[in-house]
Structure formats: C-alpha cells, structure tokens
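Step one of this worksheet: look at the structure below.
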Amino acid sequence: MPVLKRSTSPLLRRGLPAFLVLLAFSAPVAIAASGPGGAEVPGQPLVSSIACPLQPVGSCSAGQLMTVRGSNLQSAQQLTFVGSSPSRDNVVVKLSARAAQPTAITVTVPSRAKSGAIRISGTIGSAVTAPQPVKIVAGLPATDDASGSKKLIAGGKRAAHFSYRVSSAVAVGARVEAVSGKTGKIVRSWPLVKSGDGAVAWNGFVGEEPAASGTYVLRLNELGSASAKAKAGSDTQFEMLEGFFPIRGAHTLAASEMQRFGGSRDHQGTDHFAKCGTPLAAWTSGVVQFNDFQGAAGNYVVVQRADGQSYAYMHMLERSPVKVGSKVFAGQRLGRVSDSGSASGCHLHIELWTAPGWYKGGRPYDSLPLMQRLDKLN
Ligand SMILES: [Zn+2]
C-alpha cells in the first residue's frame, strides 16, 4: 500500500467517506485484500491525548513510555517531536507495527526530544498533530541507574504491586500489563477481577526467566482503564535491576578483610559464606564458558554475558549440570555452595571480569558493591 506523505488530503477536506479515500489512493491489490464491504478500511486518524506515567497529562520525561491516545492510529509510521524551532530540533521516532495500535501509540521518549507539538505521520490522509503539545520535563532521567524510581530484582523479596478498583462491567480482554520502557513491549499481563478490588504482584519473571533489566510500567490496558482505576501506591513505574542474587539462603557478604577483593593476598574475587549445600543460581544471563574442576577453584563455572564480562563461581559441591557453550539465564541453578578445591569453610568465591572475559584478556574487579546492592533487594 502506498504511504502518503502529503499533510492534508484534499479528498478528506471535501469530506468524502474514508472508504472512497482509500479507493482513490490504494493499488487494486490492497482493495481486494480488505475484503468485501471494506470492513477493515480505517477512518481518519485522530489524536486525543498524550500521557506519561506519574506525570500530569501532557508532560513526559526522557526515557519514559509515552502513550498517545486517539483513533485510527494503526497505520502510523512515525512520530515526530517537533520541538520549538521549525524542523531543526525535530526528533523522529519510527513506529513498529506493535507500537502503533488503533487507539494508542506507545513510544519511549528519546533523550533529545524537546517540548513542542507531536506529529503523527504515515497514516492515510497523512500527518496529524496532537491538539496539545507535549512538555518535556526533567525529573525522571533516561538512564536506568539514575531514574530514582523504585528498584527491584527478579525473585527478590519485594514484588512490583499494582492494585485497582473495578467500577463498571469488565470487558473481555481487560488486563493489567507490564510494559518494558526500553522496548515498549508488553512482557506480561493479568486479567482483571470481575468486580471490587483487584491486585497484581509481579516477581519480575517472564516464564522461568527474569525480565530484562530496565524501566517497567504496570498499567491497565485500554479495555482495563475503561472499567477500573489504579489505586494510589501502585508501582506504576519502577526499575528492574539486572541479575538474581546468587546465594539462595542465609549468607555473609565478604565479612572480613581476607574475604574482600584485592588486599594483601591479591584476591581476585570476593568470598561469601553460607551453609554447605546452599543452592547457587546464576547472577546474570550468559553463555557457559567453563565448567570444570581445578585444584584451587574446586568445581567451578564461568558464565560470560553478552557484553563479554565473565562471572566465575567457585568451590561448588559438585560439577555443575550446565554445559559449556549453552545459555544460562539469571536465576538458573548452577550448583551448591561448598568447599571443594582450596577453601576453608563453605563459601562462594565469585569473580567478575571485564570484557573480553575470564583469562581471555579481561581483568577482575570488585563484586562486593554489586553484591551488596542486590542483597538489599533480595
Ligand atoms: Zn576467595
């Protein structure tokens, strides 16, 4: 189907029915595809509102998920932050098929976006401009670490909570959804209760794997917001940190000088004591680089992340079931804490190495600050 770039269709101005407009602009093949009666022919796109989580209507911050509501938006191909000076500070966001739905377009606000009009283009009859401009405000910065929002880890003690009250008949398909701020994808969703109060608690897992790190939003989908309202205190926006706390039981965290990184013995890792046999899980997703026994390390496994960093887990009770070259996900069982190799007392000796990885040109660095951060949320 041809993409129309003109800003106003003369046919639309004359008020011809949308079906005829499509006939005028479409190749015959496209008409045949729309079927008899033209039931799939869209009308003119309209924009009604712009909103971002935790902001007054019309205000958004870089990195946030912005929802543009309206109608007939499914064929939109790009969204432009027009800014204040004509064309010079335009920031264009290309829309995937998933981002452009009939009644809503969802995009992550780019860091360069400026306050100003929002223009949607690529639709039939082409560009439409939102009735109100968007105001780009500081406050919720784009980077994950600086977001200041609630921080969670998958499988941690604190889930993301979303509670709501149903006020009218709940439509089939009304759901609470968890949306990634990075990709705009719905990663999980839950049907609404039929009446009264409902609540969702999300532990950060999608199937058996933790969700990717980054900002997430819990919200009612469009059908859901037609019949229910979110309650105050819901975690409408939060940050999922990467990783899974590896020691799945009571433990200490590098409790003495000897157990810390570096020091007089030039310790390449950190030591964390736990009861012998405590389950051990992968901190991070990656590919198994090594799974072996060595006199000092005992039973050990090295997992390399996609960015080339390596995580080495040592002194395990037995050889890990994971295969070299296979993928593991954060939270996947690697083995059990023990004292195999050269160790006095059952503990996890863990090493973090920069890219390109463990004894492949990287260098070890101190894992304790990261372990402490994860442990607080665990
Ligand atoms: Zn050690």
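Just so you know, ligand 1 is whichever comes first in the structure, and atom 1 is the first atom listed for that ligand.
Among the atoms of His267, an N, O or S atom falls under 2.8 Å from the Zn ion (ligand 1). Residue side and main chain included, His347 places no N/O/S atom under 2.8 Å of the Zn ion (ligand 1).
Nearest N, O or S atom of His349 to the Zn ion (ligand 1): atom ND1. For the Zn ion (ligand 1), the nearest N, O or S atom contributed by Asp271 is named OD1.
Using modelled atom types, no side-chain atom of Tyr300 and backbone atom of His349 make a donor-acceptor pair closer than 3.5 Å.
Defined by atom type and a distance below 3.5 Å, a donor-acceptor pair is present between the side-chain atoms of Thr270 and His272. A donor-acceptor contact closer than 3.5 angstrom links the side chains of Arg248 and Asn378. No donor-acceptor contact under 3.5 angstrom links the side chains of Gln289 and Tyr359, judged on distance only.
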